[in-house]
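What follows is a short report on a single structure.
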Amino acid sequence: MRIQCYLSFSSFISSLFSKTPSPFLYHSLSLTTSSSSSSFLSFKTLPINKTAIFHLSSAIQSSTAPIPSEDKTHLSKPKTKKERQASPESQLRFKLDACSKKCDVKGALRLYDDARSRGIPLSQYHYNVLLYLCSASKEAELDANPGANRGFEIFRQMGVEKIRPNEATFTSLARLAASMDDLELAFEMVKNMASSRLKLKLRSYGPALFGFCRKGEAQKAYEVFEHMEASGVAPEEPELAALLRVSVDSGKGDKVYQILHRLRAKVRQVEESTAGIVEGWFGSVAAAEVGEVGWDVEKVKEGVVKGGGGWHGQGWLGKGNWRVVRTHMDEHGVCGSCGEKLACIDIDPMETKNFASSLSSLACRKEVKANFTAFKEWLVHHGPFEAAIDGANMGIYNKKDFSFSQLNSVVKKIQQMSPTKKLPLIVLHDGRAWAGPAWDPNNRQLLQSWRRSGVLYTVPAGSNDDWYWLYAAVSCNCLLVTNDEMRDHLFALLGTSFFPRWKEKHQVRLSFSKQGPIFHMPPPYSVVIQESESGRWHVPIATGVDIETNRQWISAEIILKKRHAAHVHWIRAICFREILT
């Protein structure tokens, strides 16, 4: 049964993507009732035509052939919302969504069979939910997997009904192919989606990429990765970790080096599972043999300058076994294991200016444009500031009700720390400034004093204050005082690697004691994967909280062999001499 379904599916997809005039060619796959179960359908084995595989663009075009227009001479009265919700199609959608939440493949298939028998028309959404559930089935063996058995038949029916497939449709098909260990087919799905101008997503690549990595087919995994980058799809830590593992297992030191730098640029701090792969690499035989001996010191230094500090990109430096330990950095960024001081990587001022501009454009689209434009004008008139305070966050932190006295304690402490003793900018919602505790005489007097000083900005009702205090901090290039981790959907819209770097250097977090606020200032070093001029590596492990107290780091350095020690000591002597001068 497994081989029969596999051959049928390969042949079916081959004919599906061939350049023939037959619309989508779904009818090339005939179905018969399985002898093992009357409720399931099996595929007749068809010969595989390898030369006719995967012409997706023509398939999609033919699949969306014009459907004869309806006779509009007898238009019925539009249905009410209640009538639409009570329709069989809406009820089917509701029940399929419930199955999706519970991953109930068999229940969804029963709903599908019932809908077909009752003649209920299915939409693209219905079919995509069904295909998703079929592709997400947990059963390992095809014979025991109702999802894999039925997914192909459901896709065929989708074409019979001339329902246009989209990215979600083909991603589910790629998952079905991967469940049958046909990773080449899963990858071909992606490549043909790209050639057909369907917008690819990260999930589209998952079946092929993770499948090749899992099977140890490193070269194939790299091909998927290259296609991903060429298509403008950015990998995240799970994809990079999978590539790192297959590279480590294959002993491909050059690829490990490249992927570590991808992690440095994209992820910065690795999860515990990725950290284990990194430690596995440094403990391997391949890692001990891959490095360069007698490297060009000046070229390495040029690489550090060009990269802005913290890395050089010139490849592995030195040969020998690595000493790998978990350690911590002190308040100055000095490694507790090797004693090396981490770099503080600079931010290009032009990057900050461009980011402020893009932030303003995005805020004007999400907010009432007139409101945000008025704030920008106000900021030009009253700024620049040395610090901006997220007033709502500071006033409510660890409190049941908003506390103006707590907010004021933060404002005073920031003013004391300022070289110019200037008050910081305070951003509050209108509701905070004109209602509730704001009516207290002492709080009213405090608010009036901030207004007279030109340091209080109240955000209009209906606006998100996050845009305002973030833009103020970026445009003024000043400190931002907030415990907001800035990880929600709003900050995801920024979609740039610049924001985490900026946040690391500008965000001030607080905790409170009986003596008042305790400030956790930005660290004097960059919390990112770093490689030094002497070949050492330091890898930060994500903690979920950005305060640097107790963060673990991986520290890796080569245990020098005698014939290499003199060269490295000479390099370190040069670096030390330059520091002194």
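By convention here, the first residue in the shown sequence is residue 1. Bear in mind the structure is a predicted one, so any value in this text is a computation, not a measurement.
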Do [X] and [Y] come within less than 4.5 Å of each other through their side chains, counting heavy atoms only?
| X | Y | result |
| --- | --- | --- |
| Asp249 | Trp281 | no |
| Leu425 | Leu379 | yes |
| Ser361 | Ser358 | no |
| Ile396 | Ser403 | no |
| Val481 | Met394 | yes |
| Arg245 | Thr274 | no |
| Thr482 | Val508 | no |

For this session: Mind checking the CE-CD spacing from Met228 to Glu239? Nearest 0.5 Å is all I need.
Result: 6.0 Å

Ignoring hydrogens and angles, state whether a donor on the side chain of [X] or [Y] is under 3.5 Å from an acceptor on the partner side chain.
| X | Y | value |
| --- | --- | --- |
| Thr169 | Asn128 | yes |
| Ser231 | Tyr205 | yes |
| Glu367 | Asn464 | no |
| His520 | Ser511 | yes |
| Glu167 | Ser204 | yes |
| Gln552 | Thr327 | no |
| Gln530 | Arg536 | no |
| Ser357 | Asn354 | no |

Looking at [X] and [Y], would you say the former's side chain and the latter's main chain have a donor-acceptor pair under 3.5 Å?
| X | Y | answer |
| --- | --- | --- |
| Ser453 | Trp450 | no |
| Ser360 | Ala356 | no |
| Gln406 | Phe402 | no |

For this session: For residues 257-273, pull every pair meeting salt bridge (charged side-chain N to carboxylate O under 4.0 Å, His left out), keeping only residues two or more places apart or in separate chains.
Result: Glu229-Arg262, Arg268-Glu504, Glu272-Arg326

Taking the ring centre of each residue, are [X] and [Y] less than 6.0 Å apart?
| X | Y | result |
| --- | --- | --- |
| Tyr525 | His332 | no |
| Trp378 | Tyr457 | yes |
| Tyr471 | Phe372 | yes |
| Phe355 | Trp502 | no |
| Trp311 | His261 | yes |

Under 3.5 Å donor-acceptor pairs involving side-chain atoms of residues 92-103, not counting sequence neighbours:
| residue | atom | partner | partner atom | Å |
| --- | --- | --- | --- | --- |
| Asp97 | OD1 | Tyr125 | OH | 2.6 |
| Asp97 | OD2 | Tyr125 | OH | 3.4 |

Exercise. Salt-bridged, Lys422 to Glu386, with N to O below 4.0 Å?
Worked result: no

Exercise. Is it the case that more than 12 heavy atoms not belonging to Lys413 sit under 6.0 Å from its NZ atom?
Worked result: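 Yes.
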
Exercise. Is it true that atom CZ of Arg175 has more than 12 heavy atoms of other residues, nucleotides or ligands lying nearer than 6.0 Å?
Worked result: yes

For this session: Please determine if Arg323 forms a cation-pi arrangement with Trp537, meaning its NZ or CZ atom is less than 6.0 Å from the six-membered ring centre and no more than 45° off the ring axis.
Result: no

For this session: If the plane angle is over 60° it's perpendicular, under 30° parallel, otherwise tilted; pick one for Tyr397 and Phe512.
Result: tilted

